[in-house]
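Labels below follow one simple rule: chain letters A, B, ... track the order of the sequence lines, proteins then strands, and each chain is numbered from 1.
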2 protein chains.
Amino acid sequence: MSLDARKQKILQAIVRDYILTAEPVGSRTIARRYLMDISAATIRNEMADLEEMGFLHQPHTSAGRIPSESGYRFYVDNLLDEATLSEQEVQAIKQIYHQQAQVLENVIQEAAHLLSSLTDYMALASGPQAGSSRLQKLHMMEVQKGKALVVVVSDNGLVANRMINLPDDIEQSDLDGISDYINRNFYNVTWNQMLKSGILNVRQDIGRRIEQFDQVVELIQELLLGESTADIYLGGTARILVQPEFQDVNRVRSILKLLDHREAMLSLVGEKQFTDNVQVTIGSENQLEEVENCSLVTALYRWNGAPVGWVGVLGPTRMDYARAMTAVREVSKLLTDIFNKG
Amino acid sequence: MSLDARKQKILQAIVRDYILTAEPVGSRTIARRYLMDISAATIRNEMADLEEMGFLHQPHTSAGRIPSESGYRFYVDNLLDEATLSEQEVQAIKQIYHQQAQVLENVIQEAAHLLSSLTDYMALASGPQAGSSRLQKLHMMEVQKGKALVVVVSDNGLVANRMINLPDDIEQSDLDGISDYINRNFYNVTWNQMLKSGILNVRQDIGRRIEQFDQVVELIQELLLGESTADIYLGGTARILVQPEFQDVNRVRSILKLLDHREAMLSLVGEKQFTDNVQVTIGSENQLEEVENCSLVTALYRWNGAPVGWVGVLGPTRMDYARAMTAVREVSKLLTDIFNKG
DNA sequence: TGTTAGCACTCGACCTTGCAGAGTGCTAAC
DNA sequence: GTTAGCACTCTGCAAGGTCGAGTGCTAACA
């Protein structure tokens, strides 16, 4: 039994209506509201088929149908109409672009808020994490006797810093020597290349002089590999509570627990995502069971051409996918534009 | 009518029982469970008095009594017994202290998690914000042609950095000149003193050479005055949902909305708090209406003797104040210890 | 004068019952 | 292959009844 045109139309109608109302959809509703040229009885027959094929299910005998995860999946892959943003919404996006003083964190945070207000779901955004970027500059500055600040910059413009302790006999000139050495030998070099060309040897040479040189190496590694427990920005956490499926506190709890484990949130998106398309993960397609009745819509943003982070929304599986996808796409474009204009 | 010893005992019993059960407390319960030497009828009379005095109220005629905000206030100020932490809990605290690689953000985040798990409420912590600290060191490094990173360190060990654009004709040696000048003239100087001794003049001198010198000044100001929208760390957001008063989603919503406005969360604690004691704010004593049926227990932590940030828990007004206060006190001490040992 | 027992009363929580409405599956007719 | 009709199922809701916890008041007691 294949999904002929009529079945597809019916499935589409059911998904749309359910997204709108959050109530199980009956055959009569479909006949009246969406497909006035066929009767409810016919639709009932088709619905029975669709249920057997796994695209729908019934909460109980005398209720309407609800799309299953495969139902949503088919809808997203085949039946979706592009959504468009209103002129007003487009303006709201542009406003961020033209904003003053674009400090990295603020821009991403604003983007998350914007995305959440566009979709009415909870928005997530990762801070930029350079996958395998290159060392641009390292600097060590003595801040007070016995304490120095190490600052590392990558070619993507990311910055990391850490305070380290020094033995008493080290002076700023020694630090300059070390950072000069590193800058000369490892400029524009990735972490992997560093390993090969011997940053570990440097560690041995210098290790005697700076006990905590390990921390410097670690800092470089974290920055270049993007392995730091990078920042996650959230927007509209409270908005998910508006959705009728989250009226029950127990359902919300598992999502909120995620907020406590930001490293877990990074894993939500994972590494599969290296396409420019908007990605949709529906229900249990997500690895984390905390969000097994949620869907996630995400997209990458880029910095100097390379993907460095992502934005997305998390909502119920009964999500307005068309709208969410458009909003996520536009906001990710916005971030890419902002980061590449400077 | 004054609060004689017996009334105090009864109030104490009611608050304790209500904290425990979250159910309105009846006279019989008190007589049986707490004060077996007086009868329920007597307690009823006393309770009527306590209600008239504003320490209790009744949800409806035939229900028990619930402490009012003034009831909690009197309890916290006069009737509280010190709580103690279990050996196990003390160990958990010490564990953070002895942890490796104490990166600032991680330590504070861990502290928030710890505090939340100790109390079962939501924990908040501000990142260090130096109130009026002193410039320790400024460094400007050219990262690529036309782009420089400015790094500023305060005497509290706080670090801020920002990327600025440069005109083409500026080189690293020029940047060094400028930062040398600032370091020589403003070392160990507060923002207020800088204004007096003329950082604005410097701006005029140098302004011609670096268009974006404003941003450098702004960065210094933000760091020294602690006016940056500093980081707020949260722990156990999901835990508040366990409390019976937050079974209703609408009550949770207003709290979660706070999470979206981190600058508002800073204002929760505000400036009144410059004592070393643990501070308790009950219900509408809080400025923000979002938390009008919550209580907040906070304490400062210090860095080199100066108060730089705070930790606290947010829970229902029916909070185990004794325990919360002890936990908050210990965790704030922990942070102070950690920051001062290095 | 303060304390206590007893009693009538109140109110919410909970259960049962009955009904209306929405929706289905099946069958027979078109 | 499509449709109308019908019996059946299940939820949601409102009405009514009972139970139990708790109160305020009064009268008796120490």
**Asked** A:Ser295 and A:Tyr321: side chain to side chain donor-acceptor pair (under 3.5 Å), yes or no, with the steps?
**Response** CA-CA 9 Å; A:Ser295 285; A:Tyr321 290 96; 2.7 Å; yes

**Message:** Can you work out whether B:Ser62 or B:Thr42 has the more 5'-proximal nearest nucleotide on DNA chain C?
**Reply:** B:Thr42

**Under 3.5 Å donor-acceptor, B:Ser68 side chain and B:Phe55 backbone** = yes

**Item:** Length of the line joining A:Ile30:CD1 and C:dG23:P, which is rounded to integer Å
**Value:** 10 Å

**Request:** With the side chain of A:Thr29 defined as its heavy atoms from C-beta on, choose the nearest nucleotide among C:dG23, C:dT3, C:dC11.
**Result:** C:dG23

**Asked** When B:Met319 is tested against each of B:Leu296, B:Asp120, B:Val313, B:Ile19 for side chain to side chain contact (heavy atoms under 4.5 Å, CB included), which residue passes?
**Response** B:Val313

**Prompt:** When we call it a touch if two heavy atoms are under 4.0 Å apart, what does A:Thr61 touch: a base, just sugar-phosphate, or nothing?
**Reply:** sugar-phosphate

**Prompt:** When the distance from CE of B:Met36 to C1' of C:dT4 is rounded to whole Å, what number comes out?
**Reply:** 18 Å

**Asked** Would you find a donor on one side and an acceptor on the other, under 3.5 Å apart, between the side chain of A:Gln243 and the backbone of A:Pro316?
**Response** no

**Item:** Separation of C:dT4 C1' from B:Leu35 CG (nearest whole Å)
**Value:** 16 Å

**Asked** Using 4.0 Å as the upper bound for N to carboxylate O, is an ion pair formed by B:Glu245 and B:Arg318?
**Response** yes

**Prompt:** Between B:Asp81 and B:Arg16, is there a salt bridge with N-O shorter than 4.0 Å?
**Reply:** yes

**Asked** How is B:Ala63 classified with respect to the nucleic acid when contacts are heavy atoms under 4.0 Å: base, sugar-phosphate, or nothing?
**Response** sugar-phosphate

**Complete:** Here the distance between atom P of C:dG12 and atom CD1 of B:Ile66, to the nearest Å, is 13 Å

**Prompt:** Using purine N1 to pyrimidine N3 plus N6-O4 or O6-N4 for Watson-Crick, or N1-O2 and O6-N3 for G-U wobble, both under 3.5 Å, which nucleotide pairs with C:dA29?
**Reply:** D:dT2

**Prompt:** When you list every nucleotide of DNA chain D with an atom under 4.0 Å from a heavy atom of chain A, which one comes first 5' to 3', and which comes last?
**Reply:** D:dT2 to D:dT11

